[in-house]
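The structure under discussion appears below in the form of structure tokens.
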Amino acid sequence: MFYKKLFNKQSSIPESIKERMELVKSQAVPDHVAIIMDGNGRWAKSRALPRIAGHHEGMKVVRKIAILANNIGIQTLTLFAFSTENWKRPKSEVDYLMKLPAEFLDIYLPELIDNNVKVQVIGEKEKIPSHTLLVVEKAIERTKNNNGLLLNFALNYGSRSEIIMAIKNIVKDIKCGNINERDINEDIFSQYLMTKDLADPDLLIRTSGEIRLSNFMLWQSAYTELWFTDCLWPDFDEGHFLDAIEQYQKRSRRFGGI
Ligand SMILES: CC(C)Oc1ccc(CN(CCC(N)=O)C(=O)c2cnn(Cc3ccccc3)c2-c2ccc3sccc3c2)cc1
């Protein structure tokens with residue numbers, strides 16, 4: 001088991017990356033990295049492939065980046081599968097997407113468990129079909145005692161609705177006397193968000209050239225370093241991820257101070 005673990009840990013990381021990894025690990029790595037994974041559709045279109053091929057490729061990148069993040073000591077990796085809800089996805093694509101989580105977990109959960117990765121989700125789980133929710137809950141259950149990387153998927157997550165929900169729950173708690181209006185501050189408010197006691201992201205990465213937050217973790221990213229790349233998610237690799245971490249380490253971080 002030990003050799004399997006050892007082999008597993010290093011097996012999937014290219015030689016060229018290992019050097020850069022050691023350098024990155026020698027300095028403070030961000031505790032919490034969030035990624036808006038965007039570009040699957042465009043990637044498929046540019047190769048005259050069906051859109052679901054982009055999603056399939058995108059899933060492999062999730063595994064690659066999760067393994068690397070775990071190896072360099074990042075505590076939390078929050079992944080937001082950006083989907084432009086505003087246009088109607090073809091039914092075949094929606095059906096495929098709803099099956100993708102089960103496929104992802106079937107293929108990669110054993111390796112994630114081997115690497116001590118803990119799987120969690122934030123978002124309105126109610127809207128996820130029950131069969132998908134079942135496999136997700138099982139993955140959460142099977143990894144709940146792991147203490148390596150927290151791999152956090154944002155499902156059907158919208159920041160503004162998260163804030164409205166928090167306000168409604170605060171009003172409810174004031175009405176039934178659980179909290180007092182004058183006690184409300186940023187810490188109390190944060191506890192009512194879906195991210196609860198998760199630390200704010202230190203670094204937010206967005207792929208595919210869009211320079212927008214798209215209603216993702218708006219409250220939590222108040223002091224987050226933003227890093228954008230034209231690279232489409234399926235083309236995103238360990239090198240790009242380390243580029244972002246190295247850039248983060250170079251930027252002197254001020255929390256709005258001088
Ligand atoms: C614990 C985890 C494994 O389980 C879940 C994970 C996500 C969801 C929600 N979900 C799928 C259903 C939906 N809402 O569309 C998306 O967010 C969504 C929208 N586009 N893509 C394609 C895509 C794939 C890869 C990268 C970006 C987008 C995905 C998607 C589907 C399956 C996987 S697996 C790893 C990432 C990922 C992303 C439900 C359960």
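Atoms within each ligand, like the ligands themselves, are counted from 1 in listed order.
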Within the 4.0 Å heavy-atom shell around [X], which atoms of ligand 1 are there?
{"X": "Met37", "value": "26 (C), 27 (C)"}
{"X": "Met98", "value": "12 (C), 13 (C)"}
{"X": "Trp233", "value": "26 (C)"}
{"X": "Ala81", "value": "16 (C), 17 (O), 18 (C), 19 (C), 20 (N), 21 (N), 27 (C), 28 (C), 29 (C), 38 (C)"}
{"X": "Gly58", "value": "25 (C)"}
{"X": "Leu155", "value": "5 (C), 6 (C), 7 (C), 8 (C), 9 (C), 39 (C), 40 (C)"}
{"X": "Asn156", "value": "14 (N)"}

Carefully, step by step, assess Ser190 and Trp219 under the rule side-chain hydrogen bond (donor to acceptor under 3.5 Å, both in side chains).
CA-CA 8 Å; Ser190 302; Trp219 167 278; 3.2 Å; yes
Between Asn115 and Val117 (side chain of the first, backbone of the second, donor and acceptor by atom type, cut-off under 3.5 Å), is there such a pair?
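Checked: no pair found.
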When you measure from the side chain of Gln249 to the backbone N and O of Ala28, does any donor-acceptor pair fall under 3.5 Å?
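Yes; at least one donor-acceptor contact below 3.5 Å.
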Whether Phe236 and Phe241 hold their rings parallel, tilted or perpendicular, with breakpoints at 30° and 60°
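Ring orientation of Phe236 relative to Phe241: perpendicular.
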Describe, in one word, how the ring planes of Phe80 and Phe216 are oriented to each other, choosing from parallel (under 30°), tilted (30 to 60°) and perpendicular (over 60°).
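Rings of Phe80 and Phe216: parallel, as their planes differ by under 30°.
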Run the salt-bridge test on Lys18 and Glu15 with the 4.0 Å N-O cut-off and return the result as yes or no.
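Looking at Lys18 and Glu15, the cut-off is met.
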Is the contact between Val94 and ligand 1 made by the side chain, the backbone, both, or neither, using heavy atoms and a 4.0 Å cut-off?
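No part of Val94 comes within reach of ligand 1.
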For ligand 1, indicate whether the residue Leu79 contacts it via side chain, backbone, both or neither (heavy-atom separation under 4.0 Å).
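Neither; nothing of Leu79 gets under 4.0 Å from ligand 1.
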Between the candidates Val119, Leu105, Leu97, Val136, which shows the shortest non-hydrogen contact distance to atom 11 (C) of ligand 1?
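Looking at heavy atoms only, the winner is Leu97.
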What heavy-atom pair brings Pro30 and Ile74 nearest, and what distance separates the two atoms?
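Reported closest heavy-atom pair: O-CG1, 3.5 Å.
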